[in-house]
2 protein chains.
Amino acid sequence: MAKRDADLDLLFQALSDPTRRAVLDRLAQGPASVGELAAPHDMALPSFTKHIGVLEAAGLIRTVKKGRVRTCHLVPKRYQPVDDWLSRHRKLWERRTDRLGSLAQSLYRKD
Amino acid sequence: MAKRDADLDLLFQALSDPTRRAVLDRLAQGPASVGELAAPHDMALPSFTKHIGVLEAAGLIRTVKKGRVRTCHLVPKRYQPVDDWLSRHRKLWERRTDRLGSLAQSLYRKD
DNA sequence: GTCACGTTTAGCCATATGGCTAATTAATGA
DNA sequence: TCATTAATTAGCCATATGGCTAAACGTGAC
């Protein structure tokens with residue numbers, strides 16, 4: 001127990017904000033500068049920059065500053081731990097509903 | 001833009017805490033009372049109860065109070081929005097790396 | 001050299017989060 | 001009935017989060 005998984009903490013936390021998810025959406029199409037990323041969001045730049053910081057701290061994006069422009073790109077493989085956690089869970093409860101008969105399953109299906 | 005998806009906010013937020021993830025782990029094996037769930041966590045009960053509240057608010061668990069015991073059970077299908085978001089993203093960037101040639105792909109593979 | 005541009009730093013604010021103790025409620029069992 | 005038990009409520013605290021403005025920084029363009 002108490003097996004701290006700080007990685008998952010950071011990742012889920014990073015994903016819990018709509019602005020940040022929108023940034024990831026955008027970056028899925030290809031790299032972009034901080035300014036480009038900020039444009040669609042009605043928010044002061046320094047506020048926005050914090051979101052970039054959170055995403056980078058979680059490892060979901062990486063950034064390179066060239067001249068005065070910081071370019072951000074996605075690190076898709078960082079979704080892996082999240083993916084893993086979810087599929088582990090799916091297996092856990094599927095294994096469990098397997099152990100229950102189909103009657104019990106149908107009861108659970110009420111949700 | 002600014003398409004608030006409060007559901008995902010709540011879900012990712014709920015999943016961002018190790019105590020709460022541990023509770024979900026436990027509940028994947030079957031229902032349990034608040035007391036049983038709290039036992040492995042070195043934490044005062046009222047603190048723990050808040051976590052239960054967060055999980056319930058996110059819809060990840062449901063609880064029934066019978067007598068003085070509140071029993072909690074998992075609502076597995078609530079993982080669905082999270083799952084959906086992730087697979088949408090996987091598709092997005094896979095589609096993109098498809099558009100790039102294999103040379104560009106190999107460059108990206110550096111991460 | 002100087003000015004504009006893209007970004008960052010510094011500092012502030014309100015609210016949320018995750019923890020605690022003490023006291024309360026409600027149900028069970030002796 | 002009365003003590004014990006399971007959980008909740010109330011209230012407190014420290015820190016984190018997500019936003020802001022004003023000012024500074026560093027680079028590129030003219």
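So you know, we letter chains A, B, ... as the sequences are listed, proteins then strands, and number each from 1. Please read these numbers as outputs of a predicted model, since none were measured by experiment.
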Q.
What is the distance, to the nearest angstrom, from the CG atom on A/Leu37 to the C1' atom on C/dG6?
A. 13 Å
(Q) Below 30° counts as parallel, above 60° as perpendicular, anything between as tilted: where do the rings of B/Tyr79 and A/Trp85 land? (A) perpendicular
Q. Is B/Leu8 reachable from B/Leu55 through a run of hydrophobic residues whose side-chain heavy atoms are each under 4.5 Å from the next?
A. yes
Q: Would you kindly give the CD-to-C1' distance between B/Glu36 and D/dA6, to the nearest whole Å?
A: 11 Å
Q | Between P of C/dA16 and CG of B/Asp9, the distance in whole Å | A | 14 Å
Q: Could you walk me through whether A/Asp7 and A/Arg78 pass salt bridge (charged side-chain N to carboxylate O under 4.0 Å, His left out), step by step?
A: CA-CA 10 Å; A/Asp7 235 38; A/Arg78 277 299 278 168; 2.9 Å; yes
**Q.** Residues A/Arg21 and B/Asp5 bridged, charged N to O under 4.0 Å
**A.** no
Q.
Distance check needed: D/dA6 C1' versus B/Ile52 CD1, whole Å only.
A. 13 Å
(Q) Rounding to an integer number of Å, can you tell me how far A/Leu15 CG sits from D/dT17 P? (A) 14 Å
Q.
For a quick check, with a 4.0 angstrom heavy-atom cut-off, what is the B/S/- contact string for nucleotides 18-30 of chain D, read 5' to 3'?
A. BBBBB---BBS--
Q: Keeping the roles fixed (side chain from B/Arg20, backbone from B/Ala14), state whether a donor-acceptor pair exists under 3.5 Å.
A: yes
Q: Output yes when at least one side-chain N/O atom of B/Arg70 is less than 4.0 Å from OP1 or OP2 of D/dA6, else no.
A: no
Q: Kindly say whether B/Lys77 contributes a backbone atom to a donor-acceptor pair with the side chain of B/Gln80 at under 3.5 angstrom?
A: no
